[in-house]
Protein chains: 2
Amino acid sequence: MATILEVAKKAGVSVATVSRVLNNRHQVREVTRSKVEQAIIALNYEPSVLGRNLRNSESRLLLVLIPSIANPFYTEIINGIEDTAIKEGYNIMLCETDSNPQREAIYFNLVRNRMADGIILMDPTINRNNVLQLADQHPIVQCSEFDKDGLISYVSINNELAAYQAVKHLIKIGRQRIALINSEEKFLYARERRAGYERAFREYGRSVNPSYMYNIKGLSFENGQQAMRMLLEQQEKPDAVFAVSDVFAIGALKEIHEAGLSVPDEIAIIGFDKISFSNMTYPTLTTIAQPMYRMGSISAEMIIAKIRGEKVESRLLEHELIIREST
Amino acid sequence: MATILEVAKKAGVSVATVSRVLNNRHQVREVTRSKVEQAIIALNYEPSVLGRNLRNSESRLLLVLIPSIANPFYTEIINGIEDTAIKEGYNIMLCETDSNPQREAIYFNLVRNRMADGIILMDPTINRNNVLQLADQHPIVQCSEFDKDGLISYVSINNELAAYQAVKHLIKIGRQRIALINSEEKFLYARERRAGYERAFREYGRSVNPSYMYNIKGLSFENGQQAMRMLLEQQEKPDAVFAVSDVFAIGALKEIHEAGLSVPDEIAIIGFDKISFSNMTYPTLTTIAQPMYRMGSISAEMIIAKIRGEKVESRLLEHELIIREST
DNA sequence: CTGAAAGCGCTAACAC
DNA sequence: GTGTTAGCGCTTTCAG
């Protein structure tokens, strides 16, 4: 494996000159440059990023932390991150926390020990103190879930408003008993979406029925299915469901099918996120579209700006109600 | 940001000693060790992996190349990779190629310039010559799709046999007109699965009907849906479909529903992979389960062994036919 | 058991 | 325009 020194010798120049052509500094004569380039080709030389990183004290790596890569909500965000990261000369290290604090600790150390230049954090279950402590020393941006105190920059959507619009849509199509399948309320998005649900009820002079509101642990299809099973066991079944994720909604839909009920005739259902599956269900799923790709690409821009020492502003992006067959 | 030198000074020892306690070398007196440890805590010191990497000429990073993170087939494999990588002190850089040769080139360079110690390659569309050239110089393992010439280590399953069993299952439940929704045959798995499909036909003395065999571009739900649409336009509709991925099968299922046909009564359908969503469709999907987690974890073990300079053997793992409601 | 010192491969002052 | 040289932060002989 050739080094810069060997290239320099072969080309009959100094390592500094080689470094200059490598980094496209324009203070190199054309003749010299081509001599160097030939030596590079002859030796099949590839500059070691290890030396460069140490010298520049940077890794050009972005750490992206998600709870689970299997959750399709994150995949499009990651696309957005990756595209802009590459454009800016960064690569991403995608890591799953499994919402496991130990893993989280390992990954946080990756930025402490300079393996990564910054973190885009998408795990909502994170320990708040640890994050704040890390944010004190290192660039960090939260995407989707965030800390309301505003100490850490974030990009997200207006969850309260989105939920409000979702439930209002169900009310407008004439539904009376609207259930809520929600996550645990330790998550900000869960609290805000419940608030939106309640606001819609208030606005139409209705009172919420706590037995129609489920907070479930976990984020999988099966969890949504379980919640729906409980809901269907009630004396008076709901005639509509607002699920705070498409994944939950799809699980719920499955359960409704198994119970032999029809969607949307007997039960209307609305999800959240607009993951690609949501268009493959039968019937297709009404949902709130989050601008996931943009959320990712803006997160990447923000974290890179922070790494460069620039000031950045948190952002709330637009969402959109997508009406399809399930309502 | 404290350096090893500052710690050494504070503890009144040399940097060598600090390095020794950092790396748990046992040739350090207990008193000295604790002096150093206190200094580390006092200074809130974190060793820089940049210096260490340069010195050791390794990055402890594994590059994982997949066509698309949105494809659920890969997500469980990645889980397997990540778990064993962490156990061995490696982290993974997950990168999407989008089956784009330019991106592929960027990522291949990551190992050439020592940003990553090795590659787990899962993109089937890769340029063969480039891979072979890279494999000549750097550790690389193929997962799932591989090169039959055996020049590069791989872990996969017996695709021909799996497809044969899938089709045999359809024959055994009495289906006469069994269609095949396949990928492009530039992929080895597509060729092998077709071979398995044909073997089952031969074994039962049937001849294949080319108009029931579709090779489609792309890997998305929509592609499966399109293929099914074509299939349903034939004078004599198929009464069963073998799709080479669950994603295709789910798209096909959607199209069958839209055509008002019932599954499995009018058309039986079998997928491939056993992604989690395959259990949430209506009806649930019969499929071939690939041992995705194990494929991932074995790939990781193999690449790490290679990095260490050990010899490794390619592996074909067991699959399993999972019969559910769609057949 | 500990320290001195060389050096991993690169970049960027600084000098000419 | 180009070369010399001093590190970036760490690990590891080699001495003692």
How long is the span from the NZ atom in A/Lys306 to the CD1 atom in A/Ile140, to the nearest 0.5 Å?
-> 8.0 Å
Spatial distance of atom CG (B/Leu63) from atom CD1 (B/Ile119) [nearest 0.5 Å] | 4.5 Å
With nearest nucleotides of DNA chain C determined for B/Asn56 and B/Val15 from heavy-atom distances, which residue corresponds to the more 5′ nucleotide?
-> B/Val15
Applying a 4.0 Å non-hydrogen cut-off, can you work out what [X] is touching in the nucleic acid: base, sugar-phosphate, or nothing?
{"X": "B/Val13", "answer": "sugar-phosphate"}
{"X": "B/Arg114", "answer": "nothing"}
{"X": "B/Leu54", "answer": "base"}

Within this structure, what is the [atom1]-to-[atom2] distance between [X] and [N], rounded to whole angstrom?
{"X": "B/Lys35", "N": "C/dC1", "atom1": "NZ", "atom2": "C1'", "result": "12 Å"}
{"X": "B/Leu50", "N": "D/dT11", "atom1": "CG", "atom2": "P", "result": "12 Å"}
{"X": "A/Glu58", "N": "D/dG9", "atom1": "CD", "atom2": "P", "result": "14 Å"}
{"X": "B/Arg55", "N": "C/dA5", "atom1": "CZ", "atom2": "P", "result": "16 Å"}
{"X": "A/Arg112", "N": "D/dG9", "atom1": "CZ", "atom2": "P", "result": "19 Å"}
{"X": "B/Ile4", "N": "C/dA5", "atom1": "CD1", "atom2": "P", "result": "17 Å"}
{"X": "B/Leu5", "N": "D/dC10", "atom1": "CG", "atom2": "P", "result": "9 Å"}
{"X": "B/Glu46", "N": "D/dC8", "atom1": "CD", "atom2": "P", "result": "20 Å"}

Can you list, by residue number, the residues of residues 23-32 of chain A that have a non-hydrogen atom closer than 4.0 angstrom to DNA chain D?
-> A/Gln27, A/Val28, A/Arg29, A/Thr32
Strictly distance-based, threshold 3.5 Å: is any side-chain N or O of [X] a donor or acceptor partner for the main-chain N or O of [Y]?
{"X": "A/Arg103", "Y": "A/Glu96", "answer": "yes"}
{"X": "A/Arg60", "Y": "A/Glu88", "answer": "yes"}
{"X": "B/Asn23", "Y": "B/Arg25", "answer": "no"}

DNA chain D: 5'-proximal contact among B/Ser48 and B/Arg20 (nearest heavy atom) | B/Ser48
State which of [options] makes the closest approach to the side chain of [X].
{"X": "A/Pro47", "options": "C/dC10, D/dT11, C/dG3", "answer": "C/dC10"}
{"X": "A/Tyr45", "options": "C/dA13, D/dT12, C/dC10", "answer": "C/dC10"}
{"X": "A/Thr17", "options": "C/dA4, D/dT2, C/dG7", "answer": "D/dT2"}
{"X": "A/Ser14", "options": "D/dT4, D/dC8, D/dT12", "answer": "D/dT4"}

Indicate whether any N or O donor in one side chain lies under 3.5 Å from an N or O acceptor in the other, for B/Asp273 and B/Gln290.
-> yes
Using a cut-off of strictly less than 4.0 Å, decide whether A/Arg52 has a side-chain nitrogen or oxygen near OP1 or OP2 of C/dG9.
-> no
So do B/Ile92 and B/Ile78 actually touch side chain to side chain, heavy atoms under 4.5 Å?
-> yes
Does the side chain of B/Tyr45 reach to within under 4.5 Å of the side chain of A/Asn113, using non-hydrogen atoms?
-> no
